[in-house]
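Okay, so here's the structure we're looking at.
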Amino acid sequence: MSKKTSSVTDDLRYLKLLSRNFPSVSAVTTEIINLEAILHLPKPTEHFLADLHGENEAFQHVLRNASGNIKRKVNELFGNTLRSQEKKDLCTLIYYPEQKLELVKHSEPNLADYYQTTLDRLITVCRNVSSKYTRSKVRKSLPEEFAYIIEELLHESTEDHNKQAYVNVIIQTIIRTRRADHFIVALCQLIQRLSIDRLHILGDIFDRGPGAHLIMDTLCGYHHMDIQWGNHDILWMGAAAGNLACIASVIRLSLRYANTQTLEEGYGINMVPLATFAMETYNDDPCTLFQPITDKTDGEDEKTLRLLSQMHKAMAIIQFKLEGQLYHQHPEWQMADRALLEHICLEEGTVKVGEQSHPLLDAYLPTLNPDSPYELTAEELDLMQRLAHSFMINERLQRHVACLLHYGGMYGIYNSNLLFHASVPLNADGTLREVEVMGQTVKGKSLLERVEQTVRAAFDADVDEDERNAATDFFWYLWCGSNSPLFDKSKMATFERYFIADKATHNEEKGYYYRLRDDAAVCDALLDEFGVEGEHRHIINGHVPVRVGKGENPIKAGGRLMVIDGGFAKAYHHTTGIAGYTLVFHSRGFQLVQHEPFSSTEEAIRRGTDIRSTTQIVELTGHRAMVADTDIGRELTRQISDLENLLVAYRRGLIKEKN
């Protein structure tokens, strides 16, 4: 008996199940031919983004222009045949079709000619971006209303005289029946969709900027994406799970940056009880140390800024109380030294950190009980219970967290690339550090997997209540614990930055991962730990902004590691000197796209301004990568092998064909 026949006999039960989908020799051979053809298409383009931090307008523009790729396509296709302004207008139309058409209709004297010319150009671009995909995949991406027409236009040659007339009639009929606007919008959205095959988000969607909820709306409906959780995402997930310290920190951060849009407009969190409490408690307090960090000061009246400062201080004190409770409840975290309220001497106006006492920059703490420093007052407790209720019953927030759980995780491996937001804790010699998580001591890959299980347990109604409560508490450790793979620093010096002038106390010493990740041997060991294989394999991170303005290189360890936090958030622009990165992985290799600050969507539409981007070639492969070289290709190859076994079973009579 041949090896092939032996394999078929062994797998007969599976093959019988497979035969339900492919009931005949004809069906099997057709699918094998289809899959073999797909393997020889160019590898689709992947885009990697990190640390979006609520900057929705910049994020949307990067998605719409495919990190500058659509502009490059337009330049390649129309070269010297179009003037620079015409190419700019075409790009703007592709990015913002509805808005651009409104402007055109107010300025264009001959709309019929405009529609004819524009549709011809859009079809040319659409043909180009769809060339990497099978007809079947393109068909699934088509808008239902125009699917048949677009498919005809994409796959008919205009070089043939008869076909050219056919295409022209289709376009003229679209214009005559007044469907040109709708058709143009459909084509532009299709170009956007086909320009990015898969989107990888390496964490920190939330905080800093005003539009995290809008980013999440987009991601939850995106055609093909995955998310690696960041520390700021975990903070919001903890808040949604009911962790009071996480809720307090989410609100404190929003107030610190004068950014309550996500809370109030995005999720409808009622901030009035906090405002009332803050005004009553800190009415005579200037709250100078708690002035919001904002570039909108000119637009905010003095009363609003004062109220934000009062609310900011009120929530900061509540947070320090709540986190102190957690440190004492969880001695296994080894964070008792971060419970600092018990070391405050109100009479002397000092706080002891370690062995040294420091004067408090602000000693007006009317809600602090020296005999029980972590106990909330009755008013604070009532406030937090109201806020917790708002977070836990909020439909939109819970839907977004469900999306994070469905599409997200602590790490991902795609096409020989290991993705995680921040770090894998290491020892000084580069070996994997052991960390206790929910009673288990784990390290490396097992650590990230155990953390992910714990996060999911907090939202699992079938989990024992005690375990679920412990998992909910653990979100705080993930946010600021020294051995958390989402933080990995000696401490989070929030209290010290508010209350102590000595900047030595503000220092947050980074873990060994950040100090050793430029070592090729360390990166290779981590890639081995996670089972990442391939000639060209990489680690891709976010989390720590790359200080490009100071000469820091995002490419580390001889190209094995790429850090793509370029500072999307405006708060980081002065640190990084740029406004974000996109890492693009196409069939020729990797390119890192460096973005300059985005002015506004309105200016992009009216003036045709684009994000100025600089492309750096990170790594080009010696040959053009095909689908066969990808994870999907390996899966398709396995499917072909199964189908070939089914074919043998039919031909040997082991399974009967069905009519």
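The shortest distance between side-chain heavy atoms of H232 and R208 falls below 4.5 Å. Residues T637 and S641 form no side-chain contact, since every pair of their non-hydrogen atoms from C-beta on lies 4.5 Å or further apart. Side-chain contact between F78 and T124 is present, with at least one heavy-atom pair separated by less than 4.5 Å. Using a 4.5 Å heavy-atom cutoff, the side chains of L199 and H224 are not in contact. Within the 4.5 Å cutoff, the side chain of T582 has heavy atoms near those of the V62 side chain. Under the 4.5 Å side-chain criterion, counting only non-hydrogen atoms from C-beta, F22 is not in contact with T30. Residues L418 and I540 fail the side-chain proximity criterion, which asks for heavy atoms closer than 4.5 Å.
Annotation for K658: atom NZ counts as buried by contact number, over 12 foreign heavy atoms lying within 6.0 Å. Around NE2 of H182, the count of heavy atoms belonging to other residues, nucleotides or ligands within 6.0 Å does not exceed 12. Counting non-hydrogen atoms of neighbouring residues, nucleotides and ligands closer than 6.0 angstrom, the CD1 atom of I170 exceeds 12 such neighbours.
In this view, D113 satisfies the salt bridge (charged side-chain N to carboxylate O under 4.0 Å, His left out) rule with no residue, not counting sequence neighbours. In this structure, R624 has no salt bridge (charged side-chain N to carboxylate O under 4.0 Å, His left out) partners at least two apart in sequence or on a different chain. Here E395 pairs with R399 under the salt bridge (charged side-chain N to carboxylate O under 4.0 Å, His left out) rule; sequence neighbours left out. Listed by chain and number, the residues in a salt bridge (charged side-chain N to carboxylate O under 4.0 Å, His left out) with R135 amount to none (sequence neighbours excluded).
Here I564 contributes atom CD1 and D51 contributes atom CG; the two are 8.0 Å apart, rounded to the nearest 0.5 Å. Rounding to the nearest 0.5 angstrom, the gap separating the CG atom in D233 from the CD1 atom in I205 is 4.5 Å.
Under the salt bridge (charged side-chain N to carboxylate O under 4.0 Å, His left out) criterion, no residue pair touches residues 15-31, with sequence neighbours excluded. Applying the ring-ring contact (aromatic ring centres under 6.0 Å, His included) test to pairs two or more places apart or on separate chains, those with a residue in residues 32-52 are F48-H200.
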Worksheet item: D197 and K132: salt bridge (Lys or Arg N to Asp or Glu O under 4.0 Å), yes or no, with the steps?
Response: CA-CA 10 Å; D197 182 64; K132 283 187 175 184; over 6 Å; no

Fill in: Intermediate values then yes/no, salt bridge (Lys or Arg N to Asp or Glu O under 4.0 Å), R396 and D217
CA-CA 9 Å; R396 191 180 190 184; D217 282 342; 2.3 Å; yes

Fill in: Test ring-ring contact (aromatic ring centres under 6.0 Å, His included) applied to F590 and H536, step by step
CA-CA 10 Å; F590 280 96; H536 302 281; 8.9 Å; no

Practice prompt. Mind running side-chain contact (heavy atoms from CB on, under 4.5 Å) on W229 and I201 for me, showing each step along the way?
Written response: CA-CA 8 Å; W229 301 327; I201 304 295; over 6 Å; no

Worksheet item: Can D89 and Q85 be said to form a side-chain hydrogen bond (donor to acceptor under 3.5 Å, both in side chains), step by step?
Response: CA-CA 6 Å; D89 287 341; Q85 186 61 46; 3.0 Å; yes

Discussion item. What verdict does the side-chain contact (heavy atoms from CB on, under 4.5 Å) test give for I150 and L190, after you've listed the backbone C-alpha separation in whole Å, the side-chain angles of each residue and the deciding distance to 0.1 Å?
Written reply: CA-CA 10 Å; I150 293 176; L190 180 61; 3.9 Å; yes

Practice prompt. Take D642 and Y14 through the test side-chain hydrogen bond (donor to acceptor under 3.5 Å, both in side chains) and record every step on the way to the result.
Written response: CA-CA 9 Å; D642 291 339; Y14 167 69; 3.1 Å; yes

Discussion item. Is there a salt bridge (Lys or Arg N to Asp or Glu O under 4.0 Å) between E102 and K105? Walk through the geometry before answering.
Written reply: CA-CA 5 Å; E102 285 300 311; K105 283 188 281 189; 3.5 Å; yes

Discussion item. Walk me through whether N110 and E108 qualify under side-chain hydrogen bond (donor to acceptor under 3.5 Å, both in side chains).
Written reply: CA-CA 6 Å; N110 192 332; E108 180 58 52; over 6 Å; no

Practice prompt. Please lay out, stage by stage, how I640 and E36 fare under the test side-chain contact (heavy atoms from CB on, under 4.5 Å).
Written response: CA-CA 8 Å; I640 290 170; E36 285 283 5; 3.8 Å; yes

Worksheet entry | Audit row: I94, L187, side-chain contact (heavy atoms from CB on, under 4.5 Å) steps and yes/no | CA-CA 8 Å; I94 294 171; L187 276 176; over 6 Å; no

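A donor-acceptor contact shorter than 3.5 Å is absent between the side chain of Q228 and the backbone of M410. Checking side-chain atoms of T262 against main-chain N and O of P210 turns up a donor-acceptor pair under 3.5 Å. Here the side chain of R64 pairs no donor or acceptor atom with the backbone of Q192 at under 3.5 angstrom. Remark: the backbone N or O of L214 is paired with a side-chain donor or acceptor of T218 at under 3.5 angstrom. Formation of a donor-acceptor pair under 3.5 Å by the T260 side chain with backbone atoms of L263 is not found in this model. Side-chain N or O atoms of K100 include none that pairs as donor or acceptor with a backbone N or O of L90 at under 3.5 Å. Formation of a donor-acceptor pair under 3.5 Å by the T630 side chain with backbone atoms of V627 is found in this model. K43 contributes a side-chain N or O that, together with a main-chain N or O of F585, makes up a donor-acceptor pair within less than 3.5 Å. A donor-acceptor pair is defined here as one N or O able to donate and one able to accept, closer than 3.5 Å; such a pair exists between the side chain of R127 and the backbone of L153. In this structure, D629 contributes its side chain and M626 its backbone to a donor-acceptor pair below 3.5 Å.
Side-chain contact check for Q398 and N394: no donor-acceptor pair (N or O, by modelled atom type) lies under 3.5 Å. A donor-acceptor contact closer than 3.5 angstrom is absent between the side chains of N541 and H421. If you check the side chains of D181 and Y115, you find a donor sitting under 3.5 Å from an acceptor. Between the side chains of N259 and Q261, no donor-acceptor pair of N or O atoms lies under 3.5 Å. There is a side-chain donor-acceptor pair under 3.5 Å between H538 and N417. With no hydrogens or angles considered, no side-chain donor-acceptor pair links E533 and S416 at under 3.5 Å. Side-chain polar atoms of D207 and Y257 form no donor-acceptor pair below 3.5 angstrom.
Each of E152, E151, E144 was evaluated against R139; a single residue qualifies, E151, per the salt bridge (Lys or Arg N to Asp or Glu O under 4.0 Å) test. When each of W236, F206, Y267 is checked for a ring-ring contact (aromatic ring centres under 6.0 Å, His included) with H400, only Y267 meets the rule. The residue from L202, I413, I539 that alone fulfils the side-chain contact (heavy atoms from CB on, under 4.5 Å) condition with F420 is I539.
Pairing each heavy atom of S19 with each of Y650, the nearest pair is CB-OH, 3.3 Å.
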